[in-house]
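Some notes on the structure that comes next.
For this chain, numbers begin at 1 and follow the sequence in order. Values below: all heavy atoms of this structure, side chains included; hydrogens, waters and symmetry mates excluded.
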Amino acid sequence: MSPSSTRLGAVEAFRHLSPEELAEIERTLRLMSLARGQALVRQGEPAEALYIVVSGRFKVLREGSARQIAEIGAGQPIGEIAFFAGGTRTATVIAERDSLVLELKRQDFDALAARSPRIWSTITTELARRLGQATASGSIRAKAPLPRTITICRSGGATGGDDLALEFAEALRSAFPPSLSVRVLDAKAAREALDGKIALGSSAATQWFNTLEGECDHVLYIADPELTDWSKKALRQADLVLSICRGGGSATRQPNLLEHFAGDLHGKGVLELVLLQDGAPPYSGTRAWLEPRPWVERHHHVRLTKSPVAADHEASGLARLVRFIRGKAVGLVACGGGAYSAAHIGVFDALAEAGITFDIVGGTSGGAAMTAALALGVSTDEIERRTHDIFIARKAMRRWTWPRYSLLDHSGFDRALADHFTAIDIEDLGVPFFAVATNLTRNAAQCIMRGPLWLAVRASAAIPAMLPPVFTAEGEMLVDGCVVENTPLRTMLALKSGPNVVIDFATPEPERQSIDTSTLPARGEILARVFTGGGRRLPEAPGPHAVLMRALMLNRPDFARDLGPADILIVPPVPPGMSPLDWHRHRELRAIARDHARAVLARLEQEGHAQFTRGRVV
């Protein structure tokens, strides 16, 4: 089978056609070249052709929306639904870099279907199946195309960027699985391959590059230290740009011409910063690199090593970077739940025993605090000790105050968080971390991945009314993330592709209360009892804190529909009668959760779950 028919077989609508039928379609295809910024189809136009991306990347835009709604990469079809349905284009598709596509015109397909009716019936059956699956599932999971072309350029004002880029490119290539074909190409190698006669900006050069990319799983382009014609071509070809710098270096941190060119060319989502580090995390100074680069949404800390030992890739962070590139980064999602959050510690115990580690961690409220400690490298025994210190020794959630700004005095809680998380910024952590808060100003979930670690935890855990909100530099008001996303799987899916371990709680049924509301005492009687000890005994009714916590725990949007087949869901039980404010039971809850998680992981490993390979999640 030819390469073109192999691509056709990757299109879901064509998947069940025979090799002979695919070959017949292939004979009608036309190869098209598009320059970056050129529109392939426009919204509202008749769908007179189907396209298959040979190489390159396209963005999908819809009129009236400033946001990109999808991205299409090599091997994926463009416009097949409207083509087979005979409708009009529902969106505009624009080349994000120089690209090649295969075009199948309607008249050619209609003539083919007339000669071979089985082709049409097979395709319509497949489309109906896909439509039924899409309707039945409300999942937001969508597999983004993998970046096949990766351009490496220097960041900031460092000199000797060519040697550094080459060293990094070779280290990165060695970190990819041996089964993948990865090619490294710099200006010299490109000129030799093109015999020095083909201009870099010509369509012939674009076709040569795209042919190369079609033959490899990944191509690593190394830009020149300066913004040369080769650097521009390499950046135009990029699905992903990695700008590299010495994290502890003394060079200027301001973006250079290479970065400005790439930022103007690609915008957000394509450029990522790689800080080459010495020593162990947490690091320092990352914020100074990120602030002048608004186009960078993700960064990586990597330690280069001269050793060829494969295990060094894991220790250095190169293996993690490769998993992000390959769409296989492993995430840990931790839910909120007040004192129930101590269960996370037991789950962490079981995950560590199973040899499972993570490429990115995050959570909401108490889950944010627990995963923040994990990202810092704090042991589970130390996490338990700190939990005891904050909530039992310091009584951080039991210091009532005059209810002008909140029911609780927040100062003790704030000091405890600042003491335990110190002055570390999220950006300086070795493992990426996020905390989810509720932005009441914008009525939306807010993913916090920058700034002081303790303050992110404080914002994510700002229980409405019980603790004052946290206000951003822009004046926006943040409260506990459990209001909108208590188990932040959707936030994790928006940050990366790949499997996740998700922790949720099986909360106990509340006890029924036989209380006549009309018998609850008025203010004067309560004050008399509190300050003088007089008056009748107060009824054993739940206080405002208990009612509020219970109400927030009920707001649990259905995240299960977003779970994928490679994900692991762990739901440790909570002891009957335990309240979300019973922090004194943290050791008991840790032990229960540890035993439960051990049993879940042992069962999954015995069943051959996709997450378990050589004792760790991959």
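- In this structure, the side chain of Asp217 does not engage the main chain of Val182 through any donor-acceptor pair within 3.5 Å.
- One finds the CZ atom of Arg323 at 10.5 Å from the CG atom of Leu318 (value rounded to the nearest 0.5 Å).
- The pair Arg154-Glu226 meets the salt-bridge criterion, with a side-chain N (NZ, NE, NH1 or NH2) lying under 4.0 Å from an Asp/Glu carboxylate O.
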Dump the intermediate steps for side chain to side chain contact (heavy atoms under 4.5 Å, CB included) on Ile426 and Ile448, then the final yes or no.
CA-CA 9 Å; Ile426 297 173; Ile448 306 173; 4.2 Å; yes

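- Here the CZ atom belonging to Arg326 is positioned 12.5 Å from the CG atom belonging to Leu321, to the nearest 0.5 angstrom.
- Counted by atom type alone, Asp480 and Ser365 present one or more donor-acceptor pairs between their side chains at under 3.5 Å.
- Residues His218 and Thr149 have side chains that never bring a donor and an acceptor to within less than 3.5 angstrom of each other.
- Between the Thr228 side chain and the Asp224 main chain, no donor and acceptor come within less than 3.5 Å of each other.
- Side chain to side chain, His344 and Arg590 fail the donor-acceptor criterion of an N or O pair below 3.5 Å.
- For the pair His609 (side chain) and Asp567 (backbone), a donor-acceptor distance under 3.5 Å is present.
- Going from atom CG of Leu220 over to atom CG of Leu172 covers 5.5 Å, rounded to the nearest 0.5 Å.
- The backbone N or O of Thr441 sits less than 3.5 Å from a side-chain atom of Asn439, completing a donor-acceptor pair.
- Under a 3.5 Å cut-off, the side chain of Asp409 and the backbone N or O of Ser411 do form a donor-acceptor pair.
- You'll find the side chain of His586 reaches within 4.5 Å of the side chain of His388, heavy atoms only.
- At least one donor-acceptor pair under 3.5 Å links the side chain of Glu259 to the backbone N or O of Asn256.
- A salt bridge does not link Arg442 to Glu474: none of the charged nitrogens lies less than 4.0 Å from a carboxylate oxygen.
- Side-chain contact of Thr491 with Glu485: a donor-acceptor pair under 3.5 Å is present, judged by distance alone.
- Salt-bridge check for Asp278 with Arg303: failed, with every basic side-chain N at 4.0 Å or more from each acidic carboxylate O.
- A salt bridge between Asp239 and Arg148 is absent, with no side-chain N of the basic residue lying under 4.0 Å from a carboxylate O of the acidic one.
- Within the 6.0 Å centre-distance limit, the rings of Trp583 and Phe391 are counted as a close aromatic pair.
- No side-chain donor from either of Ser379 and Asp381 sits under 3.5 Å from a side-chain acceptor of the other.
- Defined by atom type and a distance below 3.5 Å, a donor-acceptor pair is missing between the side-chain atoms of Ser243 and Glu272.
- Summarising the geometry of Pro464 relative to Val483, their closest heavy-atom pair is CG-CG2, 3.9 Å, with the distance given to 0.1 Å.
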Evaluation steps, side chain to side chain contact (heavy atoms under 4.5 Å, CB included), between Thr371 and Phe433
CA-CA 8 Å; Thr371 51; Phe433 164 81; 3.4 Å; yes

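- Within the 3.5 Å criterion, the main-chain N or O of Val330 finds a donor-acceptor partner in the side chain of Asp359.
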What's the verdict on salt bridge (Lys or Arg N to Asp or Glu O under 4.0 Å) for Lys395 and Asp389, showing C-alpha distance, side-chain angles and the deciding distance?
CA-CA 8 Å; Lys395 300 179 180 179; Asp389 177 69; over 6 Å; no

Check against salt bridge (Lys or Arg N to Asp or Glu O under 4.0 Å), Lys59 and Glu96
CA-CA 6 Å; Lys59 60 182 176 182; Glu96 287 199 278; 5.0 Å; no

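- Judged purely by distance below 3.5 Å, without hydrogens or angles, the side chains of Thr252 and Gln254 never pair a donor atom with an acceptor atom.
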Before giving the answer on side-chain hydrogen bond (donor to acceptor under 3.5 Å, both in side chains), spell out for Asn486 and Thr364 the whole-Å C-alpha distance, their side-chain angles and the decisive distance to 0.1 Å.
CA-CA 6 Å; Asn486 194 55; Thr364 295; 5.6 Å; no

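- Side-chain contact annotation: Arg293 with Ser155, donor-acceptor N/O pair under 3.5 Å present.
- Taking 4.0 Å as the cut-off between side-chain N and carboxylate O, Arg394 and Asp419 count as a salt-bridged pair.
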Given side chain to side chain contact (heavy atoms under 4.5 Å, CB included), test Leu276 with Cys245 step by step and report yes or no.
CA-CA 6 Å; Leu276 305 178; Cys245 61; over 6 Å; no

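- Aromatic ring orientation, His260 versus Trp295: perpendicular (interplanar angle above 60°, classes split at 30° and 60°).
- Using a 3.5 Å distance cut-off with no hydrogens or angles, the side chains of Thr286 and Asp428 do pair a donor with an acceptor.
- For the pair Asp562 and Arg490, the salt-bridge criterion is met [side-chain N within less than 4.0 Å of a carboxylate O].
- Atom CZ of Phe471 has more than 12 heavy atoms from other residues, nucleotides or ligands within 6.0 Å.
- Nearest heavy-atom pair, Pro580 versus Tyr340, reported as atom, atom and distance to 0.1 Å: CD-OH, 3.4 Å.
- Using a distance-only test at 3.5 Å, with no hydrogens or angles considered, a donor-acceptor pair links the side chain of Thr387 to the main chain of Ile383.
- Atoms CD1 and CG, on Ile152 and Leu240 in that order, are 9.0 Å from each other to the nearest 0.5 Å.
- Listed for the His299 side chain is no donor-acceptor partner under 3.5 Å among the backbone atoms of Leu275.
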What do the steps show when you test Phe261 against Arg236 for side chain to side chain contact (heavy atoms under 4.5 Å, CB included), and what is the final call?
CA-CA 10 Å; Phe261 179 85; Arg236 284 195 183 99; 4.1 Å; yes

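- In this structure a side-chain-to-backbone donor-acceptor pair under 3.5 Å is present from Ser174 to Ala171.
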